[in-house]
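Along the sequence shown, residues carry numbers from 1.
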Amino acid sequence: MSTPELSSGRTTAIRSRQSLARRRWRRFRRNRRGYWSLVLFSLLFVTSLFAEVLSNDTPFLVVYHGKPYFPLLVEYPETVFGGDFETETDYRDPFFLAEMERTGGRVFFPPNRHSYNSINLEIDGPVPSPPTRVNFLGTDDRGRDVLARLLYGFRLSILFGFTLTAIGTVAGIAAGAIQGFFGGRTDLLFQRFIEIWGAMPELYLLIIFASIFQPSVLLLLILLSLFSWMGLSDYVRAEFLKGRNMEYVKAARALGVGNITIMYRHLLPNGMTPVITFLPFRVSASILALTSLDFLGLGVPPSTPSLGELLAQGKANIEAWWLSLSAFSVLILTLVLLIFIGEALRETFDPRKS
């Protein structure tokens, strides 16, 4: 086949894939529940990325003597605002607020004047305290604002779920592709390894490592990534086993195309359907895993905002209904939206539905 014919065939294939993508997008939009779930989830996630601007005990702009300052980006000592100490300015200190009022300065605080780790020292009663005008969703057992911890904890959960899903997806695709494409002894050895690796007690390993190393998000991500790839590799393996004997693969081999090129350019695009349809469910499973481990005290450090940690506080303080209700509502809403998105994707990529 000549070079112009190859170029024309490649252009036709690209146009066909673009047309298929547009048809699938239109089919996805017709699923109103899945489409609006994606819109709402995207809106919530993008909003959480600006948590420091929405909920913080530090103003994002201070105008003092006509000069702008940006405390969210730069730490300013008290001496900058007429104080006597070189320590970082406490922007809720009465002295600072009085100085701003005396000099005509302006302070622009976020809508919620609490960070995830700031403690409200002006609470009259015991903590956890119920919702008030100062703390819209109340405080936890240390006097920290629940709304701020929910906002930061939601962002942490989503980013953790995305990262763990991405690592598990890449590793699962690579393992399944190697098994399915080469087959034979390679597939047999991989299957035996997966059986042995999958039989390891994941929870016990987490408990052991949590007692040896200092808990952190990175450590938890590494440990869960060691097991998160196995569920997806089986589906990719099946797709590659089915496609390795297709005519277009045999033709590519006859033309001298390398194995890596065949796997990446020919088999992988046709085997991505189960990968894409399972992505929202894998994200929700990752978020639920992080929440469960935090609830058991095996997840992130105690000071880190977490939905599981709020649920654990709600369990320890049954009378503080705002702790359990707020964390449970955010978690359920997140999982329901992801499930609706996953169901819409599964229907979109179903070859039996036009």
Side-chain angles (χ1 to χ4, degrees), residues 43-159 300-307 309-310 313-314 317 319-323 325-327 329-330:
L43 181 62
L44 292 175
F45 174 60
V46 172
T47 302
S48 69
L49 295 179
F50 300 94
E52 285 80 7
V53 181
L54 297 174
S55 181
N56 210 319
D57 55 358
T58 302
F60 54 82
L61 176 62
V62 174
V63 180
Y64 184 62
H65 289 308
K67 184 179 179 181
Y69 297 90
F70 303 94
L72 280 181
L73 304 177
V74 181
E75 294 183 1
Y76 299 104
E78 284 188 6
T79 53
V80 175
F81 304 107
D84 299 324
F85 303 101
E86 292 291 340
T87 56
E88 183 182 359
T89 305
D90 182 3
Y91 298 96
R92 295 182 300 177
D93 187 11
F95 170 80
F96 170 79
L97 297 177
E99 178 69 14
M100 290 296 107
E101 184 177 357
R102 184 185 67 82
T103 59
R106 302 184 66 183
V107 184
F108 298 89
F109 278 97
N112 186 39
R113 299 188 179 188
H114 303 279
S115 183
Y116 68 91
N117 216 22
S118 58
I119 299 176
N120 187 356
L121 301 176
E122 299 179 358
I123 301 176
D124 296 332
V127 292
S129 62
T132 61
R133 292 183 178 180
V134 178
N135 302 105
F136 301 119
L137 294 180
T139 64
D140 63 2
D141 57 1
R142 299 183 185 180
R144 299 172 298 191
D145 186 68
V146 173
L147 177 59
R149 294 190 68 81
L150 278 177
L151 182 59
Y152 285 85
F154 174 78
R155 181 179 65 178
L156 175 64
S157 299
I158 300 300
L159 292 177
V300 296
S303 60
T304 306
S306 167
L307 300 179
E309 190 256 350
L310 276 176
Q313 288 196 33
N317 302 274
E319 71 284 353
W321 53 267
W322 54 91
L323 293 176
L325 181 61
S326 56
S329 300
V330 172

Margin query: Rounded at 0.5 Å granularity, tell me how far CG in Asn135 sits from NE2 in His114.
Written below: 4.0 Å

Notebook entry, point to check: Any chance CZ of Phe154 has more than 12 other-residue heavy atoms, nucleotides or ligands included, within less than 6.0 Å?
Noted result: yes

Notebook entry, point to check: Would you call Leu307 and Leu150 a side-chain contact if the rule is heavy atoms closer than 4.5 Å?
Noted result: yes

Notebook entry, point to check: If you round to the nearest 0.5 Å, how far is CG of Leu156 from CG of Leu151?
Noted result: 11.5 Å

Notebook entry, point to check: Shortest non-hydrogen contact from Ala327 to Leu310?
Noted result: CB-CB, 3.8 Å

Note to self: Taking the basic N atoms (NZ, or NE/NH1/NH2) and the acidic carboxylate oxygens, is any pair closer than 4.0 Å for Glu122 and Arg113?
What the structure shows: no

Check: Got a sec: does the CD of Glu319 have more than 12 other heavy atoms crowding it under 6.0 Å?
Finding: yes

Check: Do Leu72 and Phe60 have side-chain heavy atoms sitting under 4.5 Å apart?
Finding: yes

Checklist line | Heavy-atom neighbours of Phe50 CZ exceed 12 at 6.0 Å | finding: no

Margin query: Using 0.5 Å steps for rounding, measure from the CZ atom of Arg155 to the CD atom of Glu52.
Written below: 4.0 Å

Margin query: Just so I know, are the side chains of Thr89 and Glu78 near enough to count as touching, which here means a heavy-atom distance under 4.5 Å?
Written below: yes

Notebook entry, point to check: Do the side chains of Val62 and Met100 get nearer than 4.5 Å, heavy atoms only?
Noted result: yes

Item checked: Partners meeting side-chain hydrogen bond (donor to acceptor under 3.5 Å, both in side chains) with Asp93 (sequence neighbours left out) -> none

Check: Any sub-3.5 Å donor-acceptor pair from Trp321's side-chain atoms to Pro130's backbone N or O?
Finding: no

Check: Do the non-hydrogen side-chain atoms of Asp145 and Asn120 ever get within less than 4.5 Å of each other?
Finding: no

Notebook entry, point to check: Using 30° and 60° as the class limits, which term best fits the ring planes of Tyr116 and Tyr152: parallel, tilted or perpendicular?
Noted result: tilted

Note to self: A side-chain contact here means heavy atoms from C-beta on lying under 4.5 Å apart; do Asn117 and Arg149 qualify?
What the structure shows: yes

Margin query: Working note: Glu309 + Arg142, criterion salt bridge (charged side-chain N to carboxylate O under 4.0 Å, His left out); need CA distance, chi angles, decisive distance, verdict.
Written below: CA-CA 12 Å; Glu309 190 256 350; Arg142 299 183 185 180; 5.7 Å; no

Check: Under 30°, 30 to 60°, or over 60°: which ring-plane class applies to Tyr76 and Phe81, parallel, tilted or perpendicular?
Finding: perpendicular

Check: Would you say Leu61 and Phe70 make side-chain contact, with heavy atoms under 4.5 Å?
Finding: yes

Next item on the list: With the side chain counted from C-beta on, respond yes when Leu325 and Ser329 share a heavy-atom pair under 4.5 Å apart, and no when they do not.
Entry: yes

Note to self: Please check: side-chain N/O of Thr47 versus main-chain N/O of Leu43, any donor-acceptor pairing under 3.5 Å?
What the structure shows: yes

